[in-house]
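Working notes, beginning with the structure itself.
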Amino acid sequence: MAFTTRDGRAWIPDFLVAIDETTCIGCGRCYKVCSRDVMHLFGVGDGNLLLGKIEEDEDDDFDGELVRKVMVVDNAGACIGCGACARVCPKNCQTHVPADRIAA
């Protein structure tokens, strides 16, 4: 699969495919730079159980079960491979795969 920039240079986008929930600190930096809604903040309870998506402007503690927050890739197909999320992540917890290695 060949991709090019507007000026004709070769380019292979790296798509976000996963976020390591054990390393992620839920800071939200990646979410803030992503214009495509690829990932969202989720609440995590005891035993690393995902409690659900945390909506913006809500202070939901999931009935006291919230232990921490993590980013979750929940719309991977929207990723355009720009890499902005990887550049701002302080924990390097994201996995990106080159476009030519992902099945369509």
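One-based numbering along the sequence shown. Quick note: numbers below take in every heavy atom, side chains included, and nothing from hydrogens, waters or symmetry partners.
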Show every donor-acceptor pair shorter than 3.5 Å between a side-chain atom in residues 13-20 and any protein atom, with sequence neighbours excluded, or say none if there are none.
residue : atom : partner : partner atom : Å
D20     : OD1  : T22     : N            : 2.9
D20     : OD1  : T22     : OG1          : 2.5
D20     : OD2  : T22     : OG1          : 3.4
D20     : OD2  : T23     : OG1          : 3.1

For this session: Please round to the nearest 0.5 Å and tell me the distance separating atom CD1 of I12 and atom OG1 of T4.
Result: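 The CD1 atom of I12 sits 11.5 Å away from the OG1 atom of T4.
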For this session: Rounded to the nearest 0.5 Å, what's the gap from CG on L41 to NZ on K53? Could you check?
Result: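 One gets 10.5 Å once the value is rounded to the nearest 0.5 Å.
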Problem set entry | Shared-cluster residues of I25, by chain and number - hydrophobic side chains joined below 4.5 Å |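 Cluster partners of I25: none, it stands alone.
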Exercise. Members other than V72 in its cluster, when Ile, Leu, Val, Met, Phe, Trp, Tyr link by side-chain heavy atoms under 4.5 Å?
Worked result: F42, V44, L50, V70
Problem set entry | Partner residues of R9 under the side chain to side chain donor-acceptor pair (under 3.5 Å) criterion, sequence neighbours left out | D7
Exercise. Is atom CZ of R68 surrounded by more than 12 heavy atoms (other residues, nucleotides or ligands) closer than 6.0 Å?
Worked result: yes
For this session: Specify the closest pair of heavy atoms between W11 and T5, including all atoms of both residues, with the distance to one decimal.
Result: CB-CG2, 3.9 Å
Taking only distance into account, with no hydrogens and no angle test, what donor-acceptor pairs under 3.5 Å do side-chain atoms of residues 79-98 form with protein atoms, sequence neighbours excluded?
residue : atom : partner : partner atom : Å
R87     : NH1  : C82     : O            : 3.2
R87     : NH1  : G83     : O            : 3.4
Q94     : OE1  : A86     : N            : 3.3

For this session: May I ask you to decide if the ring planes of H40 and Y31 are parallel, tilted or perpendicular, using 30° and 60° as cut-offs?
Result: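 Tilted, since the angle between the ring planes falls between 30° and 60°.
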For this session: Check the pair D100, F3 against side-chain contact (heavy atoms from CB on, under 4.5 Å), reporting the backbone distance first and the verdict last.
Result: CA-CA 9 Å; D100 60 355; F3 299 95; 5.8 Å; no
For this session: Please determine which of L51, L49, N48, D46 meets the side-chain contact (heavy atoms from CB on, under 4.5 Å) test together with V67.
Result: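 That would be D46; it is the only one of L51, L49, N48, D46 passing the side-chain contact (heavy atoms from CB on, under 4.5 Å) with V67.
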Problem set entry | For A76, all residues meeting side chain to side chain contact (heavy atoms under 4.5 Å, CB included), sequence neighbours excluded | V73
